[in-house]
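Within every chain, numbering begins at 1; the chains are lettered A, B, ... in the order of the sequence lines, protein sequences first and strands thereafter.
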Amino acid sequence: MSVQMTNAEIANQLRNLGALLEIGGEPGFRTAAYRKAAEQIEALAESLSEIRAKGELENIPGVGKAISEKIGSLLDTGHMKALDEITEKIPLSVIELLSVPDVGPKRAALLFESGGITSLVALREAATSGALANIPGLTEKAAAKLTATLATMAEPDTRMPLPMARRLGLDLIQHLRAAYSGIEKIELGGSVRRFKETVGDLDIVSSGKDPNAMVAAFSTLPLVARVEMLGENRCRVQMQSGQSADLRVVPGEQWGSLLHHFTGSRLHNMKLRERSLDLGWSMSEYGFRKGEELVSFSTEEELFAFLGMDFIPPPMREEAGEIELAAKHQLPKVVGIDGLRGDLHMHSTWSDGVNSTEEMARAAIARCYEYICLTDHSRGLGIANGLDAERLMQQRVEIDHVNTLVAPFRVLQGVEVEVMNDGSLDLADDVLAKLDLVIASVHSGTRRGKESTTMRAIKAVQHPLVDILAHPTGRILGSRGPGDFDIPAILEAAAAAGTAVEINGSRVDLSDFNTKAALAAGCTIEIGSDAHSTEGLNEIDYAIGTAQRAWVTPDRVLNALPLEKMLASLKRNRPS
DNA sequence: GCCGTTTTCGGCCCGACTGTTTTCAGTCG
């Protein structure tokens with residue numbers, strides 16, 4: 001028996017089947033069903049083989065009898081008959097043509113059937129040799145445009161990591177503000193606003209009195225390399241950096257409708273529009289239409305209220321059951337930034353941070369926190385000017401002093417202690433016992449085999465003086481892949497020991513997927529910025545976004561508790 | 001191919017841009 005296919009691989013096969021059928025001329029509704037099912041499968045937190053073992057494949061939205069049988073066949077044999085059959089007529093590589101802008105199923109079919117083009121490489125060759133112009137059904141102008149598109153096309157399927165996309169988008173907004181003064185509201189929409197880990201292109205939503213003027217200013221920004229599309233109130237450009245960005249502008253009274261529309265997800269929007277139709281209204285980015293009547297809203301809150309639903313936070317808009325629950329007013333109230341009482345993971349000038357204890361405290365007060373915990377590095381992490389027992393005592397004196405200045409706000413003393421190669425900690429127990437809270441981190445040697453790396457993390461979470469396991473996977477989204485950790489085993493050990501696991505804002509370490517797994521395992525969640533400066537406290541946004549994607553409620557979050565209750569809940573303070 | 005507190009059959013989201021199609025198909029977000 002071959003190695004069992006992953007959810008992503010199965011989703012990919014279903015997507016391929018849908019695409020090939022569509023190129024082959026199959027009606028859209030049938031082929032869209034495969035794509036829908038694929039998108040749902042990609043978002044699952046459980047493997048298809050486990051779901052199948054429970055006989056629950058058809059409970060997945062978009063999966064019915066036919067697709068569940070195909071999934072079964074893929075799990076058992078690695079193949080499905082329908083795909084094998086269609087690829088005899090249309091090679092799999094023809095799907096590559098769909099990655100070219102302005103090439104959809106119809107044009108891909110034309111290129112393949114009339115031009116004999118079977119791949120992206122073949123298409124590029126045909127463009128270079130001039131063979132495109134000879135394809136019957138493709139006009140001279142269309143061939144020329146296609147050739148130009150191929151020359152400037154970014155690599156297919158290059159999605160940006162979220163932090164990079166968000167920085168790029170905010171930068172673009174800043175440039176637009178400098179170039180055009182008539183902006184009323186402006187925000188990043190799309191998958192950035194939903195805090196999806198990777199982002200395809202940037203969506204900017206805006207309101208202003210003169211959409212035309214704003215679009216014109218946008219299309220001529222120096223950051224823009226090429227205008228892909230230009231309309232009355234919209235514009236799509238390719239930036240110098242290679243990524244694409246869309247701008248949409250509406251009058252302020254339609255802001256809520258547009259923001260919702262451009263936040264997505266696509267499937268969420270489709271489902272919500274179906275629900276709207278049931279209520280007799282056709283829903284679009286401009287509002288709700290019934291005959292001549294158009295009802296618009298300036299906020300998303302009003303939009304959801306009009307449909308008789310709870311407000312759905314953007315990260316939850318993935319068509320994963322949130323619409324049905326919101327309609328029944330049973331949507332879980334997920335943790336938000338206003339639900340956090342404090343931030344428990346940050347660094348100061350005592351180790352590798354750039355701001356002092358008092359500066360961090362004042363910045364946290366400005367954010368309406370009630371407490372913070374300084375968790376500077378222990379000495380074992382050589383690069384970071386880590387603390388030993390002696391310097392921790394000095395730091396305690398300073399923290400006590402700062403607390404007299406900022407009361408009733410409280411600065412706690414913690415440490416981010418290094419987990420050594422044998423799983424022991426970098427500081428002695430009597431030192432750790434004097435602190436308010438201890439975070440353990442496996443920083444180095446995380447690629448030396450799953451067994452030893454996992455053993456170190458498990459020993460750490462089982463240590464009676466470790467309260468939180470920081471960044472459990474070792475990943476830094478966009479720059480470093482995860483270490484060799486057996487995450488399910490670590491989560492189980494953390495839950496059993498009563499040690500919280502962290503969603504780390506700076507690293508975006510724990511994915512929405514792993515956060516769901518942590519909840520299912522019974523773990524307490526800590527949401528931390530891992531700030532190394534006062535500005536770094538903002539990185540908490542990424543952790544909150546991830547928590548909301550995983551539907552984390554405040555009752556599962558350590559630092560959603562007021563100070564005394566938070567401290568009392570730490571396992572070091574619990575009667576054993 | 002999926003789906004149903006109006007449907008187990010007959011629907012399936014909406015609007016805009018592009019091109020050469022004088023009324024719409026294809027593509028996209």
Side-chain angles (χ1 to χ4, degrees), chain A residues 14-15 17-18 21-23 25-40 57-71 80 82 97-111 137-146 148-149 189-191 199-205 211 215 219 227-237 244-250 254 257-289 294 307-308 319 323-324 327-328:
Chain A
L14 291 171
R15 204 189 298 277
L17 177 59
L21 286 172
E22 197 167 15
I23 292 171
E26 199 74 31
F29 294 123
R30 243 189 99 202
T31 60
Y34 289 110
R35 189 165 54 149
K36 252 186 187 175
E39 284 179 40
Q40 290 288 355
L57 279 179
E58 290 188 41
N59 291 355
I60 302 167
V63 175
K65 190 161 178 291
I67 291 184
S68 71
E69 279 172 9
K70 289 183 170 68
I71 293 171
M80 56 176 166
L97 302 180
L98 299 176
S99 67
V100 180
D102 299 322
V103 176
K106 295 291 193 297
R107 199 158 293 156
L110 177 75
L111 291 168
L138 198 66
T139 64
E140 199 178 322
K141 210 166 174 180
K145 192 179 176 196
L146 193 52
T149 301
S191 37
V199 176
D201 54 18
L202 298 171
D203 297 315
I204 302 174
V205 194
V215 162
S219 68
V227 178
E228 292 178 3
M229 185 269 282
L230 188 62
E232 291 283 304
N233 64 354
R234 64 185 60 194
C235 178
R236 181 176 174 82
V237 301
S244 290
D246 281 285
L247 174 72
R248 290 289 303 269
V249 192
V250 290
Q254 295 175 350
S257 293
L258 179 68
L259 180 62
H260 177 271
H261 167 78
F262 231 24
T263 296
S265 69
R266 197 180 61 87
L267 290 183
H268 169 93
N269 285 357
M270 287 171 68
K271 184 82 171 191
L272 205 61
R273 285 171 180 184
E274 277 176 35
R275 177 175 165 80
S276 180
L277 277 181
D278 290 344
L279 300 173
W281 295 88
S282 167
M283 180 183 171
S284 78
E285 59 264 51
Y286 303 110
F288 297 92
R289 215 181 288 275
L294 177 68
L307 293 171
E319 163 56 341
I323 289 175
E324 291 81 352
K328 288 189 281 186

*asked:* Would you measure the distance from the C1' atom in dT8(B) across to the matching atom in dC2(B) and give it in whole Å?
replied: 12 Å
*asked:* Without decimals, in angstroms, what is the distance between Arg35(A) CZ and dC28(B) P?
replied: 10 Å
*Can you tell me how far CZ of Phe288(A) sits from CG of Leu307(A), rounded to the nearest 0.5 angstrom?*
4.0 Å
_Taking any heavy-atom pair under 4.0 Å as a contact, classify Lys70(A): base, sugar-phosphate, or nothing._
sugar-phosphate
*Note: Asp102(A)-Lys145(A) ion pair, threshold 4.0 Å (strictly below)*: yes
_How many whole angstroms separate atom CD of Glu319(A) from atom C1' of dC12(B)?_
13 Å
*Rounded to whole angstroms, how far apart are CG on Leu138(A) and P on dT27(B)?*
11 Å
*Among dT6(B), dG1(B), dG29(B), the nucleotide that comes nearest once only the side chain of Asp278(A) is considered*: dT6(B)
In a table with atom names and distances, give each donor-acceptor pair under 3.5 Å that connects a side chain of residues 258-272 of chain A to protein atoms at least two apart or in another chain.
| from | atom 1 | to | atom 2 | distance (Å) |
| --- | --- | --- | --- | --- |
| His260(A) | NE2 | His268(A) | NE2 | 3.1 |
| His261(A) | ND1 | Arg273(A) | NH2 | 2.8 |
| Thr263(A) | OG1 | Arg193(A) | NH1 | 2.8 |
| Thr263(A) | OG1 | Leu259(A) | O | 2.6 |
| Ser265(A) | OG | His268(A) | N | 3.2 |
| Ser265(A) | OG | Arg317(A) | O | 3.3 |
| Arg266(A) | NH2 | Glu39(A) | OE2 | 2.9 |
| His268(A) | ND1 | Glu322(A) | OE2 | 2.8 |
| Asn269(A) | ND2 | His261(A) | O | 2.9 |
| Lys271(A) | NZ | Glu324(A) | OE2 | 3.2 |

*Could you state the CD-P distance from Glu324(A) to dC3(B), rounded to the nearest angstrom?*
11 Å
*Leu17(A) CG to dC2(B) P, straight-line distance once rounded to whole Å*: 11 Å
*Value in whole Å for how far the C1' atom of dG29(B) lies from CG of Leu267(A)*: 13 Å
*Could you tell me which non-hydrogen atom of Glu232(A) sits nearest to which non-hydrogen atom of Val215(A), and how far apart they are?*
O-CG2, 4.3 Å
*Measure the CD1-CG distance between Ile67(A) and Leu14(A) for me, rounded to the nearest 0.5 Å.*
6.0 Å
*Starting at the 5' end of DNA chain B and moving along, which residue's nearest nucleotide shows up first, Ala66(A) or Lys141(A)?*
Ala66(A)
*Decide, yes or no, whether a salt bridge links Asp203(A) with Arg248(A) under the criterion of side-chain N to carboxylate O below 4.0 Å.*
no
*Find the partner of dC3(B): check Watson-Crick (N1-N3 plus N6-O4 or O6-N4) and G-U wobble (N1-O2, O6-N3) distances, both under 3.5 Å, and reply none if neither fits.*
dG10(B)
*asked:* Within the 4.0 Å limit for protein heavy atoms, which parts of nucleotides 13-18 of chain B are touched? Write it as a string from 5' to 3', B for base, S for sugar-phosphate only, - for none.
replied: BBSSSS
*Taking the C1' atom of each, how far is dG11(B) from dT6(B), in whole Å?*
13 Å
*asked:* Nearest whole Å is fine: how far is dA25(B) P from Asp102(A) CG?
replied: 18 Å
*Could you tell me which non-hydrogen atom of Gly62(A) sits nearest to which non-hydrogen atom of Ala37(A), and how far apart they are?*
O-CB, 3.6 Å
*Provide the distance between the two C1' atoms, one in dG1(B) and one in dT5(B), to the nearest whole Å.*
24 Å
*Taking atom C1' in both dC13(B) and dC28(B), what distance in whole Å separates the two?*
14 Å
*Tell me: CG of Leu57(A) to P of dC2(B), nearest whole Å?*
12 Å
*Can Glu58(A) and Lys65(A) be counted as an ion pair, charged N to O under 4.0 angstrom?*
no
*Considering only atom P, compute the distance from dG10(B) to dT20(B) and round it to an integer number of Å.*
40 Å
*May I ask you to say what Thr31(A) touches in the nucleic acid, namely base, sugar-phosphate or nothing, with a heavy-atom cut-off under 4.0 Å?*
nothing
